[in-house]
Each structure stands twice: as structure tokens, then as C-alpha cells.
Amino acid sequence: MTLEICFAKDKLNARKIWMLRASNLQLQSDTEIVAVDPTENFIRYYHFLEKEFSRFLIEDSLCSVPSMMDGLKTTQRKVLFAAMEGLKGKKRVDEFAGDVVNKTVYKHGSSHMEGTIIGMAQTFVGSNNVNLLHPTGQFGSRYEGGKDHSTAYYLYVELNDITKFIFRDDDKDLLEFLEEDGKLVQPKWYLPVVPMSLVNGTTGIGSGGGSNIPNHHMNDVINALFKLLRGPAIAEDRNSISLKPGYRGFKGRVEKSTDNERGIKCTIYGCATEISDTVVEINEIPPGKTIVEYRSFLQSLMPDACNRSESSKMKYPTIECFQELHEDENNLRFKISLDKSNMMFARKRGLLEAFNLVRKMSVETLYLLDEIQELRQFDNAEETLTTFFDMRLPYYAARKAKLLERMSNDMIRIDNTILYLEAMDKGEIKQMNRKKLVAKFTEKGYKAIPNDGDSGFDHLINLSCDERDIECLPNLVAEREGLHQRMEEMQKARDIDLWIKDLEELQQKLAEEGVEPQKRKVERTSASSASDKRTRFGP
DNA sequence: CCTACTGCTAC
DNA sequence: CGAAGTAGCAGTAGG
DNA sequence: GGATGACGAT
DNA sequence: CGGGGATCGTCATCC
């Protein structure tokens with residue numbers, strides 16, 4: 001029975017339920033997850049399945065399926081953690097991978113870590129819409145869907161500027177950092193200001209469910225959040241939200257089709273232009289399809305193509321020849337010559353259909369849930385967004401409280417320092433030892449700052465000689481004034497105001513950077529074998 | 001004393 | 001799991 | 001209409 | 001610098 005639940009292809013649903021129960025059991029109690037019974041010299045297979053194996057399936061899903069909070073898989077989160085905490089400037093990818101492995105107790109081969117890092121820095125159409133890491137070197141292209149990247153040794157990454165606008169430093173105190181092998185590692189999840197699972201999409205195959213989310217333009221996602229945040233009533237506005245997939249740098253069209261009986265489907269169209277009676281130019285192909293794949297498709301339409309199937313002859317025209325005149329990988333140009341009758345045929349079918357430039361895909365998703373990391377299914381991008389919204393909003397209240405607390409402590413610090421300086425100036429307090437100072441501060445009614453040393457007065461005791469100077473007084477007064485104002489503003493701000501501000505700043509940053517990745521020419525590395533492969537175009 | 005070659009490391 | 005190449009150096013055999 | 005392969009972290 | 005194998009679930013595409 002259990003055996004079937006674990007492995008049978010047609011018992012998927014039972015497997016899902018079984019895994020949920022297992023993960024609840026394992027998380028609630030400290031149940032031993034090892035099936036070894038010391039009184040026996042064998043292991044019962046159903047004990048093994050209930051313990052180690054169910055654990056394995058859960059871990060497997062944790063690795064493969066992203067969290068709905070930050071859209072990251074565990075390994076990607078490790079990379080982001082290491083990048084935000086310790087990556088200064090450019091670093092060779094193989095070196096950086098080593099750093100991540102050490103810093104975050106990654107228990108697998110560092111070559112796999114390199115792959116994850118490379119994936120997070122890719123920018124070609126169809127990869128990331130917003131790459132969290134900035135690439136230098138050949139990270140792969142549309143020619144081979146990113147597989148044509150150089151070896152990690154020849155690649156460099158640094159933290160992308162925009163990343164800090166998505167993952168705010170102000171939220172750091174709200175994160176729950178995990179512990180592995182006694183080391184503090186990456187958090188359970190990050191708290192991005194937009195649902196990154198939608199922005200960069202994912203495909204991942206877990207046990208009991210997989211996840212397959214297309215990319216969405218970050219601006220679309222931001223605007224959808226604005227709709228919720230700025231609208232008159234959040235509850236009413238959520239029905240008016242509509243999202244469709246989008247790929248940065250993609251020139252074709254993306255349409256959401258509602259005609260399908262099984263869920264929502266999405267259709268992506270490339271671009272084709274009729275130049276003359278006998279010439280067609282293809283300027284864009286759907287993301288997910290590589291240039292190499294498309295080239296071999298065109299080759300299969302040539303008269304001398306061997307074993308061309310009957311169905312292919314029905315669907316596609318026969319072409320005389322084609323040339324590849326791409327300016328770069330973002331400006332494609334396949335020039336196709338065909339005779340008039342085949343052109344007629346193509347026209348009749350529609351150029352896009354006739355040249356295999358239409359790609360359909362379903363829009364369905366599976367995620368990890370919040371508190372207990374359970375697989376949870378979402379029906380569509382809109383539901384993903386609103387669920388993210390509901391989960392994320394409370395953290396803004398928490399952030400506000402943290403910031404206010406920090407500010408009020410800062411205020412005490414400034415007040416105390418002013419009092420202290422004045423008291424010293426008047427000779428009320430003289431140089432004395434720590435104990436006596438603390439007693440004096442308490443006697444004079446200074447407020448202690450929680451966790452500021454044992455006494456709560458370390459901020460005064462540890463003042464440097466320069467800071468102790470009465471000349472600092474005007475500066476401190478000015479500082480107090482500024483802080484006072486900022487505190488008032490913060491107190492007045494609603495939670496959603498904080499979020500709106502984050503989004504506005506992000507949107508501005510996006511506008512500054514948005515153009516850049518598309519203009520950037522592909523950089524080549526002399527040692528890359530990929531660059532050699534790419535120089536040969538056409539038939 | 002110079003040359004040709006080997007073995008070795010680090011890439 | 002496997003393979004290839006390079007430069008630069010020291011040491012050595014041979015002429 | 002059923003088989004097949006691609007996706008990505010391991 | 002290169003190659004191969006496997007799982008897991010979904011879905012588009014192939015014949």
C-alpha cells in the first residue's frame with residue numbers, strides 16, 4: 001500500500017495527501033526520522049518509507065519548488081544570501097560558488113552551485129526578467145537556450161544594483177534565518193517587495209507536484225500591486241486584476257486565451273514579415289525555443305531534407321533556402337526564400353502558423369506554502385499575486401514597528417548624549433569608572449536603551465574623545481530635529497504607504513536599468529567554446 | 001659549457 | 001566518469 | 001490517443 | 001574541455 005503511494009504513477013493524489021501528513025508529523029513533533037530499530041537486524045520497508053523516504057520526498061520538493069514568498073528555490077536562496085552578505089564587486093563564478101557552499105552549508109557538488117549561479121545571472125530573452133546577479137562574460141544565449149555558457153572559471157558575477165530595491169535591507173530583521181550544522185545560513189524565505197515567482201517564473205519538479213510558471217514583466221506586477229494598494233477598497237479591486245506572461249526583450253505578442261476548457265492557456269507569437277512574393281523574414285521566435293532549434297526546423301523544410309514526414313508537409317511550406325542575418329541575439333533576422341505556390345500556402349495558413357512561430361502553454365502553478373512549508377496549488381497568476389499580497393502586507397506593519405523602535409532608541413541616545421555633554425560641561429559629572437557613571441545616569445533619570453551593553457548606557461560610556469566634546473552639541477541638536485521629523489512621518493505613514501514607496505523606488509530603478517540589458521552586446525570570452533559555435537550561421 | 005630532453009607543476 | 005593541451009622550471013644525459 | 005521528451009536540482 | 005545515467009510531474013508535441 002505505502003509502496004504504491006510512494007511510487008505508482010497513478011497514485012499521485014494519494015502521494016500528495018500522504019506527504020502532507022508526513023510533513024505535519026515531522027514538523028510538529030521531534031519524531032525520529034530514522035527507521036533503524038536497534039533491536040532488529042533488519043529495516044521494515046514501510047518504516048523506511050514512512051521515515052527516511054518521506055523525508056527525502058519533502059526535501060526534494062523543497063529543493064525543486066520555489067517558495068511563494070520570494071520565488072526562490074533553496075539553492076537560489078543560498079546564493080542570494082551569500083551575495084547580499086558577502087559579495088563585494090565582481091567575483092569569478094567558481095570562486096563565488098565555493099564561498100556559497102561554505103557560507104551556507106551546501107551539501108552537494110559545487111559544480112551544481114555554479115550552475116545555479118549562472119542561471120541567476122542570465123539575461124537572454126526567455127531567461128530572467130530581472131536577474132538578481134549581474135553577469136560579466138558569456139553566460140549563454142538564445143542560440144542554445146543558455147546551455148552555451150562558458151565554464152564558471154571564465155565568468156564573473158556581482159550583485160545587481162536593482163536587487164537591493166527588491167530585497168530591502170529594512171526587512172532584514174523580519175527574516176527567520178535558518179541554522180544548519182550549527183551555522184546561521186540563509187533565511188526560510190526572503191521578503192521581496194514584489195512576488196518574484198511571477199517575475200522570473202520557474203520550472204521545477206518536486207515530489208507530489210511540480211511548478212511551471214512563466215515570466216511576467218516586473219512593471220505589470222508592480223502595477224497590479226499598485227491597484228491593490230491605491231484602490232479605494234482592496235477587497236473589491238482584487239477581481240479587476242489581470243496578469244499575463246511577458247518576457248523582457250521579447251518583441252512578439254503574448255495572448256491569454258480563455259477558450260480552453262482545461263484551465264487558462266497562453267499563446268506566444270513570434271514575428272514574420274512578407275518582404276515580397278518569394279521572401280519572408282522572421283524577426284522573432286517564441287522564448288523557450290532556441291535559435292539552433294529553429295534553424296534545424298527551417299532546414300527540415302528544405303527540399304533536400306531527408307525523412308520529412310507527411311504531416312510536416314501538410315503543416316509547413318517547403319522553402320528554397322534561408323539565410324541568417326541576425327544583428328545580434330536580440331535582433332533576429334531569418335531571410336527565407338520560397339516559390340510563389342508555397343508562399344500562397346503560407347499566407348493561407350497564416351505566416352506565424354506556417355513558420356512554426358506559435359507556442360501554446362498552460363498557466364498553472366504549484367508552490368510552497370508559508371508557515372508550514374507545504375505544497376500548495378494556485379490556479380493562476382492573479383491568485384498568486386493576491387495571496388502574496390495578503391501574506392506580505394503584515395510584514396510592513398512589523399517593519400514599521402521595528403523601524404520606530406530603532407528610531408526611538410536613537411532618540412534616547414541623542415537625548416542622553418546631549419544631557420551628558422551639558423552635565424560634563426557644567427561639571428556635574430566628572431570622569432569616573434563605569435559603575436559610578438551608570439549609577440549617576442540612573443540617578444539623573446537618563447533612559448536606558450535595551451540591549452545596549454549590560455547597563456543600557458554603553459552608548460554614553462563608549463563615547464570617543466571627539467564625541468565627548470561640547471562642540472558636538474549643535475550637531476546633536478540638529479540631528480535630533482531631523483530624527484524627530486522622520487519619526488513623525490513614520491508614525492503617520494500607513495503600512496501600505498511604506499509598500500508604495502518601495503514600489504515607486506523599484507519602478508524608478510527599473511526604468512533606469514530596463515533598457516540596458518537589451519542594448520548590451522553579447523560579451524565574448526576568448527576561452528569560451530561557445531563563441532566558436534556561434535560564428536557559423538545559416539545553411 | 002651548451003643542447004636536448006625528461007619530469008614536474010600550475011593552469 | 002573521462003580527456004587534452006600549454007609554459008616555465010630544474011635536473012640530467014650527451015656531445 | 002498514446003507515447004515521448006524537455007524542463008531543473010539533485 | 002567533454003560525455004553519460006537516474007528521479008520527480010506536467011505538458012506540448014510527435015506520429
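Letters A, B, ... mirror the listed sequences (proteins, then strands); counts begin at 1.
For the side chain to side chain donor-acceptor pair (under 3.5 Å) condition, the pairs that include at least one residue of residues 84-101 of chain A, sequence neighbours left out, are A:E85-A:K172, A:K91-A:D99, A:R92-A:D94.
The interatomic distance linking A:I118 (CD1) with D:dA9 (C1') rounds to 14 Å, in whole Å. Put simply, NE2 on A:H112 is 10 Å from P on D:dA9, counting in whole angstrom units. Rounded to whole angstrom, the span from the NZ atom of A:K73 across to the P atom of D:dC7 amounts to 13 Å. Between the CD1 atom of A:I58 and the P atom of E:dT7 there is a distance of 21 Å, rounded to whole Å. Rounded to whole Å, the distance from NZ on A:K107 to P on D:dT10 is 12 Å. One interatomic measurement links the two molecules: CG of A:L72 to C1' of D:dG8, which rounds to 15 Å at whole-angstrom precision. Residue A:R55 contributes atom CZ, which lies 15 Å from atom P of D:dT10 at whole-angstrom precision. Distance OH (A:Y154) to P (E:dG2): 10 Å, rounded to an integer number of Å.
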Can you give the donor-acceptor pairs under 3.5 Å from side chains of residues 192-200 of chain A to other protein atoms, not counting sequence neighbours?
residue	atom	partner	partner atom	Å
A:S197	OG	A:Y367	OH	2.8
A:N200	OD1	A:N129	N	2.8
A:N200	OD1	A:V130	N	2.9
A:N200	ND2	A:V130	O	2.9

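A:C271 is linked by a side chain to side chain contact (heavy atoms under 4.5 Å, CB included) to A:N283, A:E284, counting only residues two or more places apart in sequence or in another chain. Under the side chain to side chain contact (heavy atoms under 4.5 Å, CB included) criterion, A:K78 pairs with A:T74, A:V100, A:T104, A:Y106, A:E180, A:Q186, sequence neighbours left out.
Using the six-membered ring where Trp is involved, A:F297 and A:Y316 have ring planes that are perpendicular, over 60° apart on the 30 and 60° scheme.
The phosphate of D:dT10 has OP1 or OP2 within less than 4.0 Å of a side-chain N or O from A:T75. For D:dT10, the OP1/OP2 oxygens have a side-chain nitrogen or oxygen of A:Y106 closer than 4.0 Å.
Note on A:T202: nothing from the nucleic acid sits closer than 4.0 angstrom, heavy atoms only.
Set against D:dG8, E:dC1, B:dC11, the side chain of A:Y153 has B:dC11 as its closest nucleotide.
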Whether each nucleotide of nucleotides 8-15 of chain E has a protein heavy atom under 4.0 Å at its base (B), only at its sugar-phosphate (S) or at neither (-) is summarised, 5' to 3', as BBSSS-SS
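Using modelled atom types, one side-chain atom of A:N131 and one backbone atom of A:L133 make a donor-acceptor pair closer than 3.5 Å. Under the 3.5 Å distance criterion, the side-chain polar atoms of A:R77 are matched with a main-chain donor or acceptor of A:L72.
Around atom NZ of A:K348, no more than 12 heavy atoms belonging to other residues, nucleotides or ligands sit under 6.0 Å away. Environment of NZ in A:K335: sparse, with no more than 12 heavy atoms of neighbouring residues, nucleotides or ligands closer than 6.0 Å.
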Reading 5' to 3' and counting Watson-Crick or G-U wobble pairs with both distances under 3.5 Å, write the dot-bracket notation for DNA chain E, | for bases paired outside the strand. ||...||||||||||
